[in-house]
Structure formats: C-alpha cells, structure tokens
Amino acid sequence: MAIARDDYLDHLAHDGGRMAELARGDLDAPVPTCPEWTLKDLLEHTGQVHRWQTEACRVDAGGFPDVAAMQGAPADGQSLAEWFQEGVDAAVATMQTVSPGEPRWTWAKPAGGDTSDWYFRRIAQETLVHRIDAELAAGDVTDVDAPLAADGIAEMFEVFVPLTGGRPVGGTGETVHLHATDADSEWLVTLHPDRIDAARGHAKGDAALRGTARDLLLTVWGRDPLDDVEHLGDDAVITTFTAATRA
C-alpha cells in the first residue's frame, strides 16, 4: 500500500466525522458536483457504502457480501448524523482488526488486487471525494491532505482506468503529463484507441495538467477543480483525457 492501513483509517475518521457534522445542516442543499443529489442523498449513499465495504473487509466472502440485514437508513428516532457517524466508527474499529494483505474478494479484481489493502484505500478515497462534495453543498471546503489526494489519483490509474479497457478512448498515442504541485507525484498518461496507460514520473507530454493534488483528483473524478489547474499544450488532448476518465 502507498499509505499505511492506520493512516487510511485516520483519514476515514477525519473525513467521515466532517460529513457527520454536515449532516446536522441543511439536508435539502443541492450537491453541485452530483447534480441529481441533495446532501441527504449523498450522505445516505456514502453511509451505505461504508457499511458494505466494512462487511466485505471483515470477512472473505468470495463475492459481494450479504448486506440485506444491514441498517441502510437511520433507525426510528436516530438522526442522519448519528447514523452516519455510527457507520464511520464501525468501519474504523472493524478495519483496525484486519491485517494488511489478508485475502479478500473485491469487485476490482484483478486490476485492484484481492486483499484487504484494497478496502483500506477505497473507503478512505471514497470518503475524501464525497467529503468535498458535501462541503461544496454546505459552502465550506476544508483542507485536503495532499498525499492522500495524490494517492487517489494513483488509484484512478491503477484500479479504475484498467477496468474500462476495451471502451473507446479516442486516442492515437497522445500523452498527457499530470503534475501535482504540492505532492511528489507526477504521471505520464498515454491515450490509445481503447485504453489509457499511465506511468509515474516526469516526462514531457503533448499536453499537461498542473495543479494541487486535490484539484487534479477532482479533475480525474469528473468534478470541476476548486482552483485553477494549469493547462499546457494541446487542449484537444486534455479534452480526450478528461472525457475518458469521467466515463
């Protein structure tokens, strides 16, 4: 893992706790980065994801865990904030008992691996992006840990992009250089007709995106960056790249 298990879980506790705080606000607020959702929709989605990821990390079920008995919404008399925090606390406590490298089923196998490490990373990254979504709905975005955001970009290239292999990309070998200005992280991405290849390191591309790790993470996840991301070189190549990662 690029980040240790307990560090991922510390980020989960922090970002999940922040989302629970926001659950005490205006739940009808629209989420600008998820246009069909209100803050309530976003929190319910993330809380449910926390619960199934926790169960899948807890046991090697060999497939999608049985989530039928899980509490998918607040119980009578329980607030959404309490329910959400309960899921975060359970995730942290449960995953702290699971050793790194233990065999586990994941829906991303083989691209994402088949051990508990996948869950430590995925739950922290899922929560980071949705924490920003929730904060945008509330109008108050707090600091983002640059190394965690850079790891989220790496996860996109290591896990999600390979799963889209065979889908049209529209490239013919063009390259895009991504440079995080606040983390020691760079990639050279090559666009092929039906796939994207990404390699770490500094290299000149046909185009480049340069900005904070947070804003590059938001870019590859189909969100608008919060501050300016510098575009260099061929804009058409950047358009092809961002369309392919957002798909």
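Computed from a predicted model, the values in this text were never measured in an experiment.
In this structure, the side chains of Glu186 and Arg200 stay at 4.5 Å or more apart for every pair of heavy atoms. A 4.5 Å side-chain heavy-atom check between Glu102 and Thr115 finds every atom pair outside the cut-off. Between Val49 and Ile123 there is no side-chain heavy-atom pair separated by less than 4.5 Å. Counting heavy atoms from C-beta outward, Val229 and Leu216 have side chains that approach closer than 4.5 Å. Under the 4.5 Å side-chain criterion, counting only non-hydrogen atoms from C-beta, Met19 is in contact with Leu43. Side-chain contact check for Leu178 versus Val189: some heavy-atom pair is nearer than 4.5 Å. The closest side-chain heavy-atom distance from Leu136 to Val141 is below 4.5 Å. For the pair Ile132 and Val144, the minimum side-chain heavy-atom distance is below 4.5 Å.
One distance of note links CG of Asp215 with CG of Leu226; it measures 5.0 Å at 0.5 Å rounding. Here Leu128 contributes atom CG and Arg214 contributes atom CZ; the two are 10.5 Å apart, rounded to the nearest 0.5 Å. The distance from the OG1 atom of Thr106 to the CD atom of Gln53 is 11.0 Å, given to the nearest 0.5 Å. Expressed to the nearest 0.5 Å, how far CZ of Arg5 lies from CZ of Phe120 amounts to 6.0 Å. Separation of atoms CE (Met156) and CD1 (Ile196) is listed at 9.0 Å; rounding is to 0.5 Å. With rounding to the nearest 0.5 angstrom, the CG atom of Asp145 is 9.5 Å from the CG atom of Asp182.
Between the side chain of Asp228 and the main chain of Glu230, no donor-acceptor pair closer than 3.5 Å is present. Judged by distance alone, the side chain of Thr175 and the main-chain N or O of Asp206 form a donor-acceptor pair under 3.5 Å.
The aromatic rings of Trp221 and Phe160 sit perpendicular to each other, their planes meeting at more than 60°, with 30° as the lower class boundary. Aromatic ring orientation, His45 versus Trp37: tilted (interplanar angle from 30° to 60°).
A cation-pi arrangement is not found for Arg122 relative to Trp107, the charged atom failing to lie both closer than 6.0 Å to the ring centre and inside a 45° cone about the ring normal.
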Open item on the list: One pair to check against salt bridge (Lys or Arg N to Asp or Glu O under 4.0 Å): Glu82 and Arg24. What are the steps and the verdict?
Closed with: CA-CA 9 Å; Glu82 292 169 335; Arg24 303 184 187 281; 5.5 Å; no
Task: Check against side-chain hydrogen bond (donor to acceptor under 3.5 Å, both in side chains), Gln48 and Thr46 - done: CA-CA 5 Å; Gln48 289 164 1; Thr46 310; over 6 Å; no
- [ ] Before giving the answer on side-chain contact (heavy atoms from CB on, under 4.5 Å), spell out for Leu42 and His130 the whole-Å C-alpha distance, their side-chain angles and the decisive distance to 0.1 Å.
- [x] CA-CA 8 Å; Leu42 175 68; His130 284 326; 3.4 Å; yes
- [ ] Output, in order, the C-alpha distance, side-chain angles, deciding distance and verdict of side-chain contact (heavy atoms from CB on, under 4.5 Å) for Leu148 and Ile3.
- [x] CA-CA 8 Å; Leu148 181 66; Ile3 296 176; 4.0 Å; yes
- [ ] Let me see the working for Asp224 and Leu218 under side-chain contact (heavy atoms from CB on, under 4.5 Å), right down to the final yes or no.
- [x] CA-CA 6 Å; Asp224 291 330; Leu218 292 175; over 6 Å; no
TODO: Assess whether salt bridge (Lys or Arg N to Asp or Glu O under 4.0 Å) is satisfied between Lys40 and Glu44, documenting all intermediate values.
DONE: CA-CA 6 Å; Lys40 179 176 182 288; Glu44 288 179 343; 2.7 Å; yes
- [ ] With side-chain contact (heavy atoms from CB on, under 4.5 Å) as the test, would you mind laying out the steps for Leu12 and Tyr8 before giving the verdict?
- [x] CA-CA 6 Å; Leu12 167 62; Tyr8 278 127; over 6 Å; no
Donor-acceptor pairs under 3.5 Å, side chain of residues 88-101 to any protein atom, not counting sequence neighbours: which ones?
unit_1: Asp89; atom_1: OD1; unit_2: Gln85; atom_2: NE2; d: 2.9
unit_1: Thr94; atom_1: OG1; unit_2: Ala90; atom_2: O; d: 2.8
unit_1: Thr97; atom_1: OG1; unit_2: Thr94; atom_2: O; d: 2.6

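For the residue pair His50 / Thr127, a side-chain donor-acceptor distance below 3.5 Å is found, with atom types taken as modelled. Side-chain contact of Glu135 with Thr142: a donor-acceptor pair under 3.5 Å is present, judged by distance alone.
Across all non-hydrogen atoms, the minimal contact from Leu217 to Gly152 is CD1-C, 3.6 Å. In terms of heavy atoms, Pro30 sits closest to Ala137 at O-CB, 3.4 Å. Shortest non-hydrogen contact noted between Leu209 and Thr219 is CD1-CG2, 4.4 Å. Nearest heavy atoms, Phe84 versus Gly16: CE2-O, 3.3 Å. Of all heavy-atom pairs between Leu163 and Ala108, the closest is CD2-O, 3.9 Å. The two residues Ala146 and Ala183 have their closest heavy-atom pair at O-CB, 4.2 Å.
Remark: Asp197 engages Arg195 in a salt bridge, criterion side-chain N to carboxylate O under 4.0 Å. The pair Arg121-Asp151 counts as a salt bridge, with a side-chain nitrogen and a carboxylate oxygen less than 4.0 angstrom apart. Note on Asp133 versus Arg223: salt bridge recorded, some NZ/NE/NH1/NH2 to OD/OE distance being below 4.0 Å. With respect to Arg104 and Asp117, no salt bridge is recorded, no charged nitrogen being found less than 4.0 Å from a carboxylate O.
Note on Tyr119 and Val59: separate hydrophobic clusters, where clusters join Ile, Leu, Val, Met, Phe, Trp and Tyr whose side-chain heavy atoms are under 4.5 Å apart, directly or indirectly. Connection of Val220 to Val159 is established within a shared hydrophobic cluster, with ILVMFWY side chains joined at heavy-atom distances below 4.5 Å, either directly or through further cluster members.
Aromatic rings from Trp187 and His179 are positioned such that their centres are separated by 6.0 Å or more.
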